[in-house]
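Just below is one structure, and these are the notes that go with it.
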Amino acid sequence: MSISIYNTLTRKKELFQTIEPGKVLMYVCGPTVYDSCHIGHARSAVVFDVISRYLKTQAYDVVYVRNFTDIDDKIINRAAEIGMDPKELADKYIAEFYRDMDALQVERASFEPRVTEHIDDVIQLVEKLLAKKVAYVVDGDVFFAVETYDAYGKLSNRRLEDMDPGARVEVDPRKHNPYDFILWKSAKPGEPSWTSPWGKGRPGWHIECSAMSARYLGKTFDIHGGGRDLIFPHHENEIAQSEAGHDREFVRYWIHNGFVNIDKEKMSKSLGNFRLVKDVVQQYHSEVIRLFLLSKQYRKPIDFNQTSMETSRTALDRIYALLLRIDAIIAGKEIPAKAQEDMPFWKKFCHAMDDDFNTANGIAVIFNAVRHANRIMDENETGTISRNVLISLSVVKREILRMGAVLGIGGDVPEAYFHTRRESILTKETMDANVIEKLITDRELARQEKDWERADQIREQLASMNIVLKDHPDGTHWEIKS
RNA sequence: GGCGGCAUAGCCAAGUGGUAAGGCAGCGGUCUGCAAAACCGCUAUUCACCAGUUCGAAUCUGGUUGCCGCCUCCA
């Protein structure tokens with residue numbers, strides 16, 4: 001078992017070695033709760049969910065912290081816009097975040113702290129930074145002095161003198177260096193605030209993660225994750241604060257996921273092309289979304305569009321059709337428990353995942369297993385199914401479910417998976433299942449009388465309604481082609 | 001201006017030195033009354049282009065072209 005991880009800090013894959021054997025300390029930046037989650041949040045959540053799940057299967061004790069930023073300028077501004085209390089706004093979107101994550105089957109982290117519950121930790125860290133003279137106070141605001149931290153820029157691979165300050169944002173003239181960032185922000189009248197040695201205020205933009213990660217994971221921990229966009233300035237600043245404050249290495253492995261584009265364009269306010277999780281889960285089964293998000297290496301950009309989603313759905317159908325087929329054969333049969341140690345597909349899957357969590361390769365292994373199982377069943381369609389075949393099928397099914405469980409796919413009951421979609425399309429298309437069943441019964445009668453012409457005519461009629469029939473020995477099944 | 005990424009079949013996408021995974025779509029075959037599904041076979045002598053290193057490169061080096069991201073809103 002040797003996992004390698006691409007470390008943003010060193011810009012190469014490294015062998016993963018935890019600080020404490022068998023234990024992984026992981027922190028991932030969670031949302032600032034001022035708006036609904038979009039598909040980009042979903043990618044980050046799903047990617048780190050899968051990383052956490054996989055590490056657990058490799059016998060690691062995973063301590064996973066994902067925070068909520070529940071106080072910040074964006075929250076205050078949004079709350080003011082719609083005349084809501086900032087705390088209420090944050091609570092509302094935290095609740096929505098949980099609904100979205102549950103819908104996507106993203107597991108809960110070990111700890112999900114909120115900044116407003118850790119103000120004391122923030123103040124203590126700021127005091128420490130002031131004592132070390134790497135921060136300064138101006139009019140109740142506290143800034144971190146980037147020039148005091150030699151390694152500033154090491155994560156984002158840039159030097160202070162190469163950057164172009166003020167290109168996009170006006171520089172606060174009180175700063176010693178344009179890249180100095182705020183640790184503690186003084187409150188304007190009416191803003192939420194906490195008492196501090198520098199007056200009433202709130203935590204700055206980056207300090208919370210330094211304070212909370214230290215609280216839950218210690219001063220040095222194994223993995224810190226988030227979206228690519230957080231590399232600079234957020235994570236760069238976290239490193240500066242934490243390493244200056246604690247005098248030791250902050251994080252061993254930095255993992256950043258790529259963006260989700262929409263029809264080849266970046267999601268942006270100006271394009272108004274955000275895809276919200278709550279909308280997407282209405283349209284697609286959660287596992288279709290997960291399969292799509294995991295079909296590309298997590299560091300690369302992925303394009304969300306109708307074609308790619310439908311392709312993912314067809315692919316997932318293939319897995320569920322296989323599970324359904326296996327279940328029909330092994331249902332109610334005693335399967336000997338022996339010979340279940342050797343799991344070649346699972347091993348290949350782990351090999352793929354060991355290489356920087358290569359889920360695209362892992363998915364390929366699942367489909368290899370699907371083909372393998374279908375082949376076994378094709379070769380044993382006639383006659384009595386032997387014990388060995390039953391064992392093989394049950395083993396490969398277990399492998400598929402085990403691999404799927406890491407990715408969060410294949411966990412639905414196959415019948416329910418198809419049934420749910422059928423129902424939702426029937427509702428959408430305002431079709432009546434009874435009408436369809438009646439036509440199928442008519443066709444069955446025609447077939448029994450070998451009236452192929454009439455049977456085919458009925459099938460054509462159903463086909464024009466996008467109903468596909470499948471004749472099985474135990475009766476005719478139908479599906480909606482979508 | 002600085003930093004970085006990407007270019008693989010009709011589409012999506014793995015593959016970082018040893019002779020091109022997987023999914024979707026398509027074509028042929030088996031099966032089927034006919035279909036559907038499944039399986040088998042076919043669909044990139046080739047990985048943007050040029051040069052170099054090497055016994056050997058999609059994979060390494062240099063260059064060219066094109067696309068994209070970041071440089072204090074952002075997953």
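The chains referred to below are lettered A, B, ... by the order of the sequence lines, with proteins before strands, and numbering in each begins at 1. These values consider heavy atoms only, across backbone and side chains, with no hydrogens, waters or symmetry-generated copies.
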* **Touch class at under 4.0 angstrom, heavy-atom based, for A:His477 against every strand present** => nothing
* Under 3.5 Å on both distances, the Watson-Crick or G-U partner of B:rC31 -> none
* When you compare B:rC27 with B:rC67, how far apart are their P atoms, in angstrom units rounded to a whole number? -> 35 Å
* **Six-ring centre of A:Trp254, A:Arg11 cation under 6.0 angstrom, axis tolerance 45°** => no
* Hey, is the side chain of A:Asn157 poking within less than 4.0 Å of OP1 or OP2 on B:rG4, counting only N and O atoms? -> yes
* Structure fact -> Between A:Asp162 and A:Ala364, the residue closer to the 5' end of RNA chain B by nearest nucleotide is A:Asp162
* Side chain of A:Ser44 (C-beta onward), nearest among B:rA75, B:rA21, B:rC73 -> B:rA75
* Report the base-pairing partner of B:rA58 (Watson-Crick or G-U wobble, both distances below 3.5 angstrom), or none. => none
* Asked: Are A:Glu14 and A:Thr10 close enough that a side-chain donor and a side-chain acceptor fall under 3.5 Å?
  -> yes
* Using purine N1 to pyrimidine N3 plus N6-O4 or O6-N4 for Watson-Crick, or N1-O2 and O6-N3 for G-U wobble, each under 3.5 Å, what pairs with B:rU16? -> none
* Look at all strands and tell whether A:Arg11 reaches a base, only sugar-phosphate, or nothing, counting heavy atoms closer than 4.0 Å. => nothing
* **Mate of B:rC42 where both pairing distances stay under 3.5 Å, Watson-Crick or G-U** => B:rG26
* Asked: In whole Å, what separates the C1' atom of B:rG69 from that of B:rG23?
  -> 27 Å
* **Touch class at under 4.0 angstrom, heavy-atom based, for A:Leu230 against every strand present** => sugar-phosphate
* Answer with base, sugar-phosphate or nothing: what part of the nucleic acid does A:Asp456 contact at a heavy-atom distance below 4.0 Å? => base
* Does A:Lys266 make a cation-pi contact with A:Phe259, if we ask for NZ or CZ under 6.0 Å from the ring centre and within 45° of the axis? -> yes
* Asked: Which is true for A:Lys12 with a 4.0 Å heavy-atom rule: it touches a base, it touches only sugar-phosphate, or it touches nothing?
  -> nothing
* Would you mind reading off the distance between A:Lys13 atom NZ and B:rG5 atom C1', rounded to a whole angstrom? => 15 Å
* To do: Using a 4.0 Å heavy-atom cut-off across all strands, classify A:Ser295 as base, sugar-phosphate, or nothing.
  => sugar-phosphate
* Asked: Paired with B:rA21: which nucleotide, if any, by Watson-Crick or G-U wobble criteria at under 3.5 Å for both distances?
  -> none
* **Paired nucleotide for B:rC49 [Watson-Crick or G-U wobble; both distances under 3.5 Å]** => B:rG63
* Looking across every strand, which nucleic acid part, if any, lies under 4.0 Å from A:Met267 by heavy atom: base, sugar-phosphate, or nothing? -> base
* Asked: Which part of the nucleic acid, if any, lies within reach of A:Phe367 when heavy atoms closer than 4.0 Å are counted: base, sugar-phosphate only, or nothing?
  -> sugar-phosphate
* Asked: Can the positive tip of A:Arg313 be found less than 6.0 Å from the middle of the six-membered ring of A:Tyr284, inside 45° of the ring normal?
  -> no
* Asked: If you check every side-chain atom of A:Gln297, which of B:rG22, B:rA14, B:rC74 has the closest atom?
  -> B:rA14
* Structure fact -> When rounded to whole Å, the CD1 to P distance for the pair A:Ile76 and B:rC73 reads 16 Å
* If only side-chain N and O atoms of A:Asn374 are considered, is one of them under 4.0 Å from the OP1 or OP2 phosphate oxygen of B:rC39? -> yes
* Asked: Mind checking the C1' distance from B:rC47 to B:rG17? Whole angstroms is fine.
  -> 15 Å
* Asked: Within 45° of the six-membered ring axis of A:Phe232 and under 6.0 Å from that ring's centre, is NZ or CZ of A:Arg158 located there?
  -> yes
* Asked: Counting just side-chain N and O atoms, does A:Lys296 come under 4.0 Å of either OP1 or OP2 of B:rC6?
  -> no
* Separation of atom CZ in A:Arg228 from atom P in B:rC68, rounded to whole Å -> 16 Å
* Asked: Can a side chain N or O of A:Arg318 be found less than 4.0 Å away from OP1 or OP2 on B:rC39?
  -> yes
* Would you indicate, yes or no, if B:rA37 has its OP1 or OP2 atom less than 4.0 angstrom from a side-chain nitrogen or oxygen of A:Trp478? => no
* To do: Please tell me which of the listed nucleotides, B:rG23, B:rC74, B:rA14, lies nearest to the side chain of A:Thr311?
  => B:rG23
* May I ask you to test the A:Ile5-A:Ile223 pair for a side-chain heavy-atom distance under 4.5 Å? => yes
* Give A:Val260 one of three labels, base, sugar-phosphate or nothing, depending on what nucleic acid heavy atoms sit under 4.0 Å from its own. => base
* **Atom C1', compared across B:rU45 and B:rA57: separation rounded to whole Å** => 15 Å
* Let me know which of A:Arg421, A:Arg422, A:Lys470 forms a salt bridge (Lys or Arg N to Asp or Glu O under 4.0 Å) with A:Glu479. => A:Lys470
* Would you say the base of B:rG15 and the side-chain of A:Asn358 have a donor-acceptor pair closer than 3.5 Å? -> no
* Asked: What is the distance from NE2 of A:His224 to C1' of B:rA75, rounded to the nearest Å?
  -> 12 Å
* Closest to the A:Phe232 side chain, choosing from B:rC24, B:rA75, B:rC71 -> B:rC71
* **Value in whole Å for how far the P atom of B:rA75 lies from CZ of A:Phe304** => 18 Å
* To do: Determine the contact category for A:Lys450: base if any of its heavy atoms lies under 4.0 Å from a base atom, sugar-phosphate if only primed atoms, P, OP1 or OP2 are that close, otherwise nothing.
  => nothing
* To do: Check the distance between B:rC73's P and A:Arg78's CZ and give it to me in whole angstrom.
  => 16 Å
* To the side chain of A:Asp471, which of B:rC74, B:rG15, B:rC34 is closest? -> B:rC34
* To do: Using a heavy-atom cut-off of under 4.0 Å over every strand shown, decide if A:Gly153 touches base, sugar-phosphate, or nothing.
  => nothing
* Looking across every strand, which nucleic acid part, if any, lies under 4.0 Å from A:Asp378 by heavy atom: base, sugar-phosphate, or nothing? -> base
* Asked: When only distance counts, do a donor and an acceptor, one from the side chain of A:Arg459 and one from the base of B:rC34, lie under 3.5 Å apart?
  -> yes
* Asked: Relative to the 5' end of RNA chain B, which residue comes earlier, A:His372 or A:Ser156, by the nucleotide with the nearest heavy atom?
  -> A:Ser156
* Taking the side chain of A:Asn368 as heavy atoms from C-beta outward, which of B:rA38, B:rA36, B:rG22 is closest to it? -> B:rG22
* Would you indicate which nucleotide in B:rC71, B:rG23, B:rA14 comes nearest to any side-chain atom of A:Lys300? => B:rA14
* Asked: Taking the side chain of A:Arg371 as heavy atoms from C-beta outward, which of B:rC12, B:rG2, B:rC39 is closest to it?
  -> B:rC39
* Asked: For residues A:Glu107 and A:Ser52, is any side-chain donor paired with an opposing acceptor at under 3.5 Å?
  -> no
* Asked: Taking the side chain of A:Thr314 as heavy atoms from C-beta outward, which of B:rC6, B:rA25, B:rG23 is closest to it?
  -> B:rA25
* **A:Lys13 to A:Tyr6 six-membered ring, cation-pi geometry met (6.0 Å, 45°)** => no
* **Minimum-distance nucleotide to A:His41 side chain [options: B:rC74, B:rA75, B:rA14]** => B:rA75
* What is the nucleic acid contact for A:Arg443, judged by heavy atoms within less than 4.0 Å: base, sugar-phosphate only, or nothing? -> base
* **Touch class at under 4.0 angstrom, heavy-atom based, for A:Ala360 against every strand present** => base
* **Backbone of A:Phe367 reached by a side-chain donor or acceptor of A:Arg318 within 3.5 Å** => no
* Asked: Which value, in whole Å, describes the distance between the P atoms of nucleotides B:rA48 and B:rA20?
  -> 16 Å
* Expressed in angstrom and rounded to an integer, what is the separation of A:Glu310 atom CD from B:rA25 atom P? -> 11 Å
* Please state how far atom CE in A:Met377 lies from atom P in B:rC40, giving the value in whole angstrom units. => 12 Å
